[in-house]
Amino acid sequence: MEEKITAIPAIIFAVFFFTIEVSFTYSVWLNVYLFLVVLGYFFVTRKWGFIWVLLLFPFIPAITTFWSVMIQGDGLSDAWVLLTRTYAFAALGLVFVAGVDFEECLLVLEQYRVPPTFVYGILVVVHAAPEIRREVSDMRDASLLRGKRLYPWSAYYYVKTIFLAMNWRDRYAEAMYSRGFMENGTRTHFEKWHLARSASIWAMVFILVGNGLLIVESVVR
């Protein structure tokens with residue numbers, strides 16, 4: 001058995017915690033704090049593309065929300081909260097995308113008692129995606145040879161894909177059972193994932209600092 005260290009549970013917990021907290025708190029400081037922490041993380045890890053996405057992608061929704069609340073809402077304070085909250089949510093979503101490998105996340109969650117049928121069902125879909133794209137490309141090329149052009153809204157795409165998925169379902173199920181997969185059986189793992197202690201410490205530090213800012217802001221206000 002191969003032992004591996006992962007930070008995914010800590011990242012998921014921190015992102016989920018801050019998502020709930022940002023949704024139910026009225027704090028500009030917390031929103032700005034989350035934005036700066038994620039921006040600093042992208043600078044340290046040199047994820048320049050994510051930096052541009054974080055700076056530019058939420059800009060129009062944030063500005064339009066700010067302006068509409070400023071004109072028709074309760075004034076400047078609410079407008080700033082909603083503007084910074086838009087950037088905070090974008091930051092949390094991007095740090096999840098950048099810091100969590102989807103397939104590794106599923107395997108880790110399976111070892112944290114998520115039902116194996118759910119996990120491996122999603123993995124089948126993920127690994128079947130390239131085959132689905134190839135089949136769609138073949139359908140498009142075959143239609144062009146017959147003098148017909150298929151569009152994304154063409155019903156033929158979806159009908160053919162459904163029939164292919166039903167056929168692949170039986171093949172994937174047979175392959176999994178031939179490898180000894182049992183829905184209610186006891187599973188062993190070639191890779192054993194352990195939570196990184198440093199990731200847990202950093203997650204708790206960020207949570208404590210964020211809640212400390214909430215307390216300070218409430219006192220100052």
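With sequence neighbours left out, Phe50 forms a ring-ring contact (aromatic ring centres under 6.0 Å, His included) with Phe42. Taking Phe96 as the reference, nothing meets the ring-ring contact (aromatic ring centres under 6.0 Å, His included) condition, with sequence neighbours excluded. Every side chain to side chain contact (heavy atoms under 4.5 Å, CB included) that Ile207 has, sequence neighbours left out, goes to Phe13, Phe17, Phe18, Asn211. Qualifying side chain to side chain contact (heavy atoms under 4.5 Å, CB included) partners for Arg46, counting only residues two or more places apart in sequence or in other chains: Trp48.
Thr25 places no side-chain N or O within 3.5 Å of a backbone atom of Ser27 that could act as its donor or acceptor partner. Under a 3.5 Å cut-off, the side chain of Tyr87 and the backbone N or O of Leu34 do not form any donor-acceptor pair.
When all heavy atoms of Thr6 and Glu104 are compared, the pair lying nearest together is OG1-OE2, 3.1 Å. Cys105 and Val100 get closest at one heavy-atom pair: CB-CG1, 3.5 Å. Heavy atoms only, all atoms of each residue included: Ser200 and Ala10 are closest at N-CB, 4.1 Å. Between Leu109 and Ile12, the closest heavy-atom pair is CD2-CD1, 4.4 Å. Residues Lys47 and Ala98 share a closest heavy-atom pair of CD-CB, 4.0 Å. Between Thr86 and Leu82, the shortest heavy-atom distance links the atoms OG1-O, 2.9 Å.
Clustering ILVMFWY residues whenever any of their side-chain heavy atoms sit less than 4.5 angstrom apart, transitively, puts Val220 in the very cluster that holds Leu213. Placement of Met204 and Leu92 in two distinct hydrophobic clusters is found when ILVMFWY residues are connected by side-chain heavy-atom separations under 4.5 Å, directly or transitively. One hydrophobic cluster, built from ILVMFWY side chains closer than 4.5 Å, cannot hold both Ile201 and Ile5; they sit in different ones. Linking Ile, Leu, Val, Met, Phe, Trp and Tyr residues whenever their side-chain heavy atoms come within less than 4.5 Å places Val205 and Val216 in a single cluster. Under a hydrophobic-cluster definition in which Ile, Leu, Val, Met, Phe, Trp and Tyr are linked whenever side-chain heavy atoms come within less than 4.5 Å, directly or via other members, Val97 and Leu54 are assigned to the same cluster.
Through side-chain heavy atoms spaced under 4.5 Å, either directly or across other Ile, Leu, Val, Met, Phe, Trp or Tyr residues, Phe24 is tied to Phe16, Ile20.
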Can I get a per-line list of side-chain donor-acceptor pairs under 3.5 Å for residues 55-65, giving both atom names and the distance, sequence neighbours left out?
{"unit_1": "Thr64", "atom_1": "OG1", "unit_2": "Ile60", "atom_2": "O", "d": "2.8"}
{"unit_1": "Thr64", "atom_1": "OG1", "unit_2": "Pro61", "atom_2": "O", "d": "3.0"}
{"unit_1": "Thr65", "atom_1": "OG1", "unit_2": "Pro61", "atom_2": "O", "d": "2.7"}

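Annotation: Trp80, atom CH2; neighbour count of heavy atoms from other residues, nucleotides and ligands within 6.0 Å does not exceed 12.
Residues Phe66 and Leu76 meet the side-chain proximity criterion, which asks for heavy atoms closer than 4.5 Å. A heavy-atom distance below 4.5 Å is not found between the side chains of Trp29 and Leu214.
Note that the CZ atom of Phe43 and the CG atom of Leu36 stand 10.5 Å from one another [nearest 0.5 Å].
Evaluated for a side chain to side chain contact (heavy atoms under 4.5 Å, CB included) with Val37, the options Tyr33, Phe35, Tyr41 yield exactly one hit, Tyr33.
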